[in-house]
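One is the number of the first residue; the rest follow in order along the sequence.
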Amino acid sequence: MKSMPNILTILRLLACPILIYLFFFGTYLTILIVFILACVTDFFDGYLARKRDFKSNFGKVLDPIADKIIVATALTLLVMNETIKNYEVI
């Protein structure tokens, strides 16, 4: 149980390739569900780490990286879908 926050962080990292796969072969609803589940794992990861005082160097380093990677993946997919347009700034 002590490594549960780290397992949740790794699951969040594993959600990125799943999101990319679903972008090409799935539906928008499944992409949304996977992204929301990844966000929920982020909440429970932090909650368990604070509540039960589960702290590790692995978690301290990887948790913020996993957060940034999942958000960067989602934003990249939105740009590829042209939901977010690339406007030229003068």
Side-chain angles (χ1 to χ4, degrees):
M1 182 67 174
K2 191 162 180 116
S3 64
M4 183 57 92
N6 291 338
I7 292 171
L8 292 174
T9 300
I10 292 170
L11 286 174
R12 197 161 55 254
L13 282 173
L14 292 175
C16 294
I18 293 170
L19 285 174
I20 294 168
Y21 176 81
L22 290 173
F23 177 74
F24 292 108
F25 302 110
T27 65
Y28 293 131
L29 181 62
T30 56
I31 294 170
L32 178 65
I33 290 170
V34 170
F35 184 77
I36 289 173
L37 287 175
C39 293
V40 170
T41 63
D42 183 34
F43 169 77
F44 283 113
D45 167 18
Y47 178 78
L48 286 174
R50 285 183 205 85
K51 184 81 170 172
R52 308 263 190 230
D53 199 31
F54 295 152
K55 294 187 172 120
S56 69
N57 291 330
F58 179 79
K60 287 179 188 176
V61 171
L62 198 60
D63 184 57
I65 293 171
D67 294 342
K68 287 168 182 55
I69 289 175
I70 193 81
V71 170
T73 301
L75 288 174
T76 303
L77 293 176
L78 288 171
V79 169
M80 287 176 61
N81 192 39
E82 294 185 356
T83 303
I84 299 176
K85 302 241 188 255
N86 186 7
Y87 292 106
E88 191 173 317
V89 178
I90 299 174

Please list, chain by chain and in numerical order, all residues satisfying ring pair (Phe, Tyr, Trp, His ring centres under 6.0 Å) with Y21, sequence neighbours excluded. F25
Can you run down the salt bridge (charged side-chain N to carboxylate O under 4.0 Å, His left out) pairs that involve residues 18-38, sequence neighbours left out, and say none if there aren't any? none
Straight-line distance of T41 OG1 to I7 CD1, nearest 0.5 Å: 12.0 Å
Under 3.5 Å, side-chain donor or acceptor atoms of residues 27-37 against the rest of the protein: list the pairs with distances, not counting sequence neighbours.
{"residue": "T27", "atom": "OG1", "partner": "T30", "partner atom": "N", "Å": "3.3"}
{"residue": "T27", "atom": "OG1", "partner": "T30", "partner atom": "OG1", "Å": "3.3"}
{"residue": "Y28", "atom": "OH", "partner": "N81", "partner atom": "OD1", "Å": "3.2"}
{"residue": "T30", "atom": "OG1", "partner": "T27", "partner atom": "N", "Å": "3.2"}
{"residue": "T30", "atom": "OG1", "partner": "T27", "partner atom": "O", "Å": "2.7"}

Could you go step by step and tell me if F54 and M4 meet the side chain to side chain contact (heavy atoms under 4.5 Å, CB included) rule? CA-CA 9 Å; F54 295 152; M4 183 57 92; 5.5 Å; no
S3 (side chain) donor-acceptor with N6 (main chain) under 3.5 angstrom: no
Shortest non-hydrogen contact between P64 and G59, atoms and distance: CD-O, 4.1 Å
side-chain hydrogen bond (donor to acceptor under 3.5 Å, both in side chains) partners of Y47, counting only residues at least two apart: none
Determine whether a donor-acceptor pair (N or O, by modelled atom type, separation under 3.5 Å) exists between the side chain of R50 and the backbone of G46. yes
Minimal heavy-atom distance between T73 and C16, with the atoms involved, is OG1-SG, 3.6 Å
Can you give me the closest heavy-atom contact between T76 and A72, atom names plus distance? OG1-O, 2.7 Å
Find the distance between CD1 (I70) and CG (L75) and round it off to the nearest 0.5 Å. 10.5 Å
Sequence neighbours left out, what passes side-chain contact (heavy atoms from CB on, under 4.5 Å) with D63? Give chain and number order. T9, R12, D42, D45, D67
Salt bridge (charged side-chain N to carboxylate O under 4.0 Å, His left out) partners of residues 69-78, not counting sequence neighbours, each pair once: none
